[in-house]
Amino acid sequence: MADTDILILGGGPAGGAVALGLRRLGYSVSVVSEPRPFDAVEGSSDRAVQGMQAAGFKHALQALAAPSPRQVTWNGETSAANTERLIPRQPFDRGLLQDLAEQGVDVVQGRVHNCQEHEGAFTADVALTDGGELQLRAPFLVEARGRAAPAAGVSRVKGTQTVSLLQYWQGEEAEPKTAVESFEDGWAWMAMRADGRRYLQLTLDVASANLPPKRELDDWCRARLERLEQSAPFMAGAEPVGSVYARTSSPVLCERSAGDNWIRVGDAAMAVDPLSGNGIFQALSSALQAPAVVNTLIQNPERAELAKAFHEARIEGLFYRFARIGRDFYAQESQWPDRPFWQVRRQWPDAEPLHIEVTPEVVTTGMRPVVENGLITEAHVVITPDQPLGIWHLNGLPLAPLLDAVRAEPERTAAEVLADHIGNDKGPLLANWMRQQGWLSG
């Protein structure tokens, strides 16, 4: 049996980011990662790349292709304004594990077939990829196995049941590119790598798709792809390789994502519709501040409730933000308003606007949990409808005390009050910034 401070199940972007963050805080960390069984590819935005750089990924990022053009046909209109970076997941995952090992993380390649907690410690039984068994034990567990993470007994919020059907095609070498196209019963994502590998994926509503038996699925998908305008260059001169692979892509949120000695991150905590092409960005968003949560739970157990509340509020906030982004994008497609796929998704998760107008009347200050020096603590922050978790600093300036000072002297201009506190150069600049944010009246 091998002992470690922290055991992380899952070596994808979320698990990797947490592992590197915890190593920087001085913990011994073991990551169990199961090799990806299929040659998946994902599209990535510049935001995701920036997040991976901040996490400490180096070798993993070398697997990314250069930005390639993306065409989108949505609501009957085609645009080509954006680019997308393709990530072949097998070399990306290998590079990520190399990043972890080089930065002092113990990497175990294998499959966890049992994990139990007993007397304050977690024990995981791992079937190693190269044969044999290994047992790992740690007082703290990070669950980062994505959608595959066990969820028995976990209360979850679920969105409309969605399935994505993916098939690989192979053709001659070509310029990389991607495309998205909506159709009456869902939408398609298509990608082409330089080596001629093509990825054709249909995303459908589980309840209304009326999928055929598995033996007929290849022909069924092909027939639907052939109807799409964007699919022609991806299918031309190419043939399918292997059978259609089905995977769930339903939105799901774990209502409890942290305990006194465990935490969920990435898709294991919340997974949202993949429409935006920002799956890795979403996973990283929930993971980059998780090391501070874990550190607090271990070093300052008296702050456990504060740390857990911080993590769960952040997870929930990210989930609904990404869900509303998807809802608003679905609502832009008006060609088939009565088709089940579109009818449900343009209304879920709620009718709350993605962005709520910020006016001085709705801006308050109060105490909220924040990250400081690798720990979760409580601080005086500015709270707005768009930032319910609070805004603490701007370029090192604590904002809540300064906003309170302005409000305490309504007879003076904000620039004058702020100049008294932070100087004649910075005061007017900050006053103007607060006004732009909607915190102060014009």
Side-chain angles (χ1 to χ4, degrees), residues 45 47 50 157 159 251 253 270 272-273 275-276 278 281-282 285-286 288-289 306 309-332 334 345-372 376-442:
S45 67
R47 290 191 304 173
Q50 292 166 4
V157 174
L253 166 69
M270 69 99 187
V272 189
D273 191 308
L275 180 62
S276 65
N278 270 329
F281 175 73
Q282 293 168 358
S285 296
S286 72
L288 288 175
Q289 292 186 330
L306 186 70
F310 172 85
H311 183 68
E312 292 182 342
R314 183 168 174 78
I315 294 291
E316 182 179 0
L318 289 167
F319 176 78
Y320 282 104
R321 176 174 175 77
F322 290 133
R324 289 167 186 146
I325 289 173
R327 174 203 63 195
D328 292 351
F329 194 69
Y330 281 128
Q332 294 177 25
S334 60
R345 285 162 181 77
R346 64 200 326 225
Q347 299 174 10
W348 186 87
D350 51 35
E352 290 290 325
L354 177 60
H355 297 292
I356 302 174
E357 183 182 4
V358 177
T359 61
E361 294 76 22
V362 297
V363 176
T364 62
T365 63
M367 302 300 290
R368 291 286 190 275
V370 298
V371 177
E372 183 177 24
I376 305 301
T377 185
E378 208 168 24
H380 192 200
V381 300
V382 178
I383 303 162
T384 74
D386 263 2
Q387 299 287 342
L389 301 183
I391 306 165
W392 186 17
H393 284 112
L394 177 66
N395 297 328
L397 295 173
L399 294 171
L402 294 172
L403 181 59
D404 286 344
V406 169
R407 289 178 166 177
E409 298 188 68
E411 70 283 357
R412 301 177 66 198
T413 68
E416 291 171 341
V417 175
L418 293 173
D420 290 346
H421 291 268
I422 59 176
N424 292 327
D425 293 335
K426 294 181 179 179
L429 293 175
L430 182 58
N432 186 53
W433 182 87
M434 287 183 172
R435 198 170 291 108
Q436 292 173 346
Q437 305 307 306
W439 299 2
L440 304 174
S441 59

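Residues: numbered from 1 along the sequence shown.
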Over all atoms of both residues, closest heavy-atom pair of V362 and P385: CG2-CG, 3.7 Å
Contacts of R368 that satisfy side-chain contact (heavy atoms from CB on, under 4.5 Å) - sequence neighbours left out: V381, I383
Heavy-atom side-chain contact between P401 and H380 under 4.5 Å: yes
Any M434 side-chain heavy atom under 4.5 Å of V382 side chain: no
Spacing of D386 atom CG and L354 atom CG [to the nearest 0.5 Å]: 7.5 Å
Heavy-atom side-chain contact between V272 and L318 under 4.5 Å: no
Nearest heavy atoms of A313 and L389, plus distance in Å: CB-CD2, 3.7 Å
Test ring pair (Phe, Tyr, Trp, His ring centres under 6.0 Å) applied to F329 - qualifying residues, sequence neighbours left out: W74
Results of side chain to side chain donor-acceptor pair (under 3.5 Å) for T384 - residues two or more places apart only: none
Salt bridge (Lys or Arg N to Asp or Glu O under 4.0 Å) partners of D420, counting only residues at least two apart: R412
With P428 via side-chain contact (heavy atoms from CB on, under 4.5 Å) - residues at least two apart: A415
Test salt bridge (Lys or Arg N to Asp or Glu O under 4.0 Å) applied to R324 - qualifying residues, sequence neighbours left out: D350
Any residue meeting side chain to side chain donor-acceptor pair (under 3.5 Å) with Y320, in chain and number order, not counting sequence neighbours: none
N424: side-chain contact (heavy atoms from CB on, under 4.5 Å) partners, not counting sequence neighbours: A419
Close side-chain approach of Q437 to L394, heavy-atom, < 4.5 Å: no
Set of salt bridge (Lys or Arg N to Asp or Glu O under 4.0 Å) partners for E378, sequence neighbours left out: none
L430 CG to I422 CD1 distance, which is reported to the nearest 0.5 Å: 4.5 Å
Considering all heavy atoms, the nearest M270-Q282 contact: CE-O, 3.9 Å
Full working for side-chain contact (heavy atoms from CB on, under 4.5 Å) between E316 and L253: CA-CA 7 Å; E316 182 179 0; L253 166 69; 4.2 Å; yes
ring-ring contact (aromatic ring centres under 6.0 Å, His included) partners of residues 404-442, not counting sequence neighbours, each pair once: W433-W439
Nearest atoms (heavy-atom pairs only) where A431 meets L440: O-CD1, 3.8 Å
Which atom of E372 lies closest to which atom of T377, heavy atoms considered: OE1-CG2, 3.3 Å
Reported CD1-to-CG distance for the pair I391 and L399, which is rounded to 0.5 angstrom: 7.0 Å
Over 12 foreign heavy atoms within 6.0 Å of CD, E352: yes
CA sep, side-chain torsions, deciding dist, call: I376, V370, side-chain contact (heavy atoms from CB on, under 4.5 Å): CA-CA 6 Å; I376 305 301; V370 298; over 6 Å; no
Flag side-chain contact, heavy atom, 4.5 Å: P251 against W348: yes
Gap separating the CG atom of L418 from the CG atom of N432, nearest 0.5 angstrom: 11.0 Å
Residues forming a side-chain contact (heavy atoms from CB on, under 4.5 Å) with P353, sequence neighbours excluded: I356
Considering all heavy atoms, the nearest R314-S285 contact: NH2-O, 3.1 Å
Partner set under ring pair (Phe, Tyr, Trp, His ring centres under 6.0 Å) for W392, not counting sequence neighbours: none
